[in-house]
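Notes follow once the structure below has been shown.
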Amino acid sequence: NGKSEAYRLPAGLQPHRLLRDRDGDVWIGALVDKGLLHIHEGRTDLFTPAEGLSDGSVNALFEDREGNIWVATDDGLDRFRDFAVPTISIQQGFSSRGISSILTARDGSLWVGASDGLNRWNKGQIKVYRKDSGLPDKAHALFQDARGQLWVGTQNGIAFLKSDRFVPVASVPYGIVYS
């Protein structure tokens, strides 16, 4: 009703990532091992590894165009839709733990930045891009521009994908790019 008011969080939960989805629900990812809070329809649900979340530390939240909520943690990637929480992690073929970025591309593929490579999941197959593919370093940020060009922000600047190889952008100063 146009007024702000404090919302009491569970004891010990330190908000790290926030997402307001298309339905107006609020998702709060915890900083250290406290899980994911979902506030919706006057209710609050807490997801932790005991409820199937891949890990209790949330690194990124993303809503794709289909309304799926993707949660990146240190141990995997969780997708929330219709109350199901399937986990995709190294057991399913990701390059490593420590997922830090997520993007669904126009072609329907899912790009996932992990501590040891950038994973492209397309039609059940995973392809991993690493330094031998031109990727400068760990992918902290992913973006697809209006032309469909994939961009990645890393610990060592920015690069874009061209002919299945990453090309660094020399004009961007050295340093970590998070968004």
Side-chain angles (χ1 to χ4, degrees), residues 16-23 25 27 29 35-36 38 47 49 51-169 172 176-179:
H16 182 57
R17 300 289 187 226
L18 297 171
L19 173 74
R20 182 171 184 256
D21 68 22
R22 65 178 71 179
D23 297 324
D25 298 355
W27 300 78
L36 175 71
H38 180 207
F47 297 94
E51 287 79 34
L53 196 65
S54 60
D55 186 72
S57 298
V58 176
N59 299 324
L61 296 168
F62 177 74
E63 181 178 16
D64 66 21
R65 62 181 151 255
E66 296 171 356
N68 296 310
I69 303 297
W70 295 88
V71 181
T73 73
D74 283 344
D75 279 340
L77 180 63
D78 303 298
R79 178 175 63 174
F80 285 76
R81 72 170 206 219
D82 298 328
F83 304 104
V85 187
T87 297
I88 306 165
S89 65
I90 56 176
Q91 286 79 16
Q92 288 76 32
F94 278 163
S95 62
S96 59
R97 300 177 51 201
I99 294 174
S100 57
S101 56
I102 316 162
L103 172 80
T104 51
R106 288 187 193 155
D107 66 1
S109 61
L110 180 70
W111 292 82
V112 178
S115 60
D116 183 29
L118 178 59
N119 302 264
R120 180 177 185 241
W121 184 39
N122 191 24
K123 299 177 183 162
Q125 301 295 314
I126 296 175
K127 178 174 181 172
V128 180
Y129 294 84
R130 292 190 172 100
K131 289 190 181 203
D132 60 351
S133 303
L135 187 66
D137 211 323
K138 181 178 178 179
H140 287 291
L142 298 168
F143 177 74
Q144 188 173 36
D145 66 22
R147 296 180 322 213
Q149 183 75 56
L150 181 74
W151 295 82
V152 59
T154 74
Q155 293 183 177
N156 293 315
I158 295 176
F160 62 93
L161 187 64
K162 181 178 182 180
S163 301
D164 217 34
R165 290 198 50 80
F166 282 93
V167 178
V169 178
V172 175
I176 300 174
V177 178
Y178 286 112
S179 60

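Sequence positions, counted from 1, serve as the residue numbers for this chain. All values derive from a computational prediction rather than experimental measurement.
- When side chains are defined from C-beta on, D164 counts as touching K127, because their heavy atoms get closer than 4.5 Å.
- Counting heavy atoms from C-beta outward, F80 and L36 have side chains that approach closer than 4.5 Å.
- Counting heavy atoms from C-beta outward, W121 and L77 have side chains that stay 4.5 Å or more apart.
- A donor-acceptor contact shorter than 3.5 Å links the side chain of R165 to the backbone of D132.
- A donor atom on one side chain and an acceptor atom on the other are not found under 3.5 Å apart for N156 and T154.
- The shortest heavy-atom contact between L53 and F47 is CD2-O, 3.5 Å.
- Judged purely by atom type and a 3.5 angstrom limit, T73 has no side-chain atom pairing as donor or acceptor with the backbone of I99.
- Contact detail for D21 and D23: the closest heavy-atom pair is OD1-N, 2.9 Å.
- The shortest side-chain heavy-atom distance between Y129 and V152 does not fall under the 4.5 Å cut-off.
- Of the possible donor and acceptor atoms, none in the side chain of R81 sits under 3.5 Å from a partner among the backbone N and O of G67.
- Listed for the S109 side chain is no donor-acceptor partner under 3.5 Å among the backbone atoms of R120.
- Taking every heavy atom of both residues into account, R79 and N68 meet most closely at CD-CG, 3.8 Å.
- Between G56 and P49, the shortest heavy-atom contact is N-CG, 3.7 Å.
- In this model, a donor atom of one side chain and an acceptor atom of the other lie less than 3.5 Å apart for D78 and S54.
- Atom CG of residue N59 and atom NE2 of residue H140 lie 10.5 Å apart, to the nearest 0.5 angstrom.
- Residues V58 and H16 share a closest heavy-atom pair of O-CD2, 2.9 Å.
- Shown here is R20, whose CZ atom has no more than 12 heavy atoms of other residues, nucleotides or ligands within 6.0 Å.
- At a threshold of 4.5 Å between non-hydrogen side-chain atoms, the residues L103 and L150 count as touching.
- Minimum heavy-atom separation, S100 to A60: O-CB, 4.0 Å.
- Considering CG of L118 and CG of L142, their distance stands at 5.5 Å, rounded to 0.5 Å.
- In this structure, the separation between CZ on R106 and CD on Q144 is 5.0 Å, given to the nearest 0.5 Å.
- Ion pair R147/D145 flagged as a salt bridge, since at least one NZ, NE, NH1 or NH2 atom sits closer than 4.0 Å to an Asp/Glu carboxylate oxygen.
- With Q149 contributing its side chain and L161 its backbone, the two residues share a donor-acceptor pair below 3.5 Å.
- Classified by interplanar angle (parallel below 30°, tilted 30° to 60°, perpendicular above 60°), the ring pair F160/W151 is tilted.
- In this structure, the separation between CG on L19 and CD1 on I69 is 5.0 Å, given to the nearest 0.5 Å.
- Side-chain atoms of R17 and L61, non-hydrogen and from C-beta on, do get closer than 4.5 Å to each other.
- The distance from the CD1 atom of I102 to the CG atom of N119 is 11.5 Å, given to the nearest 0.5 Å.
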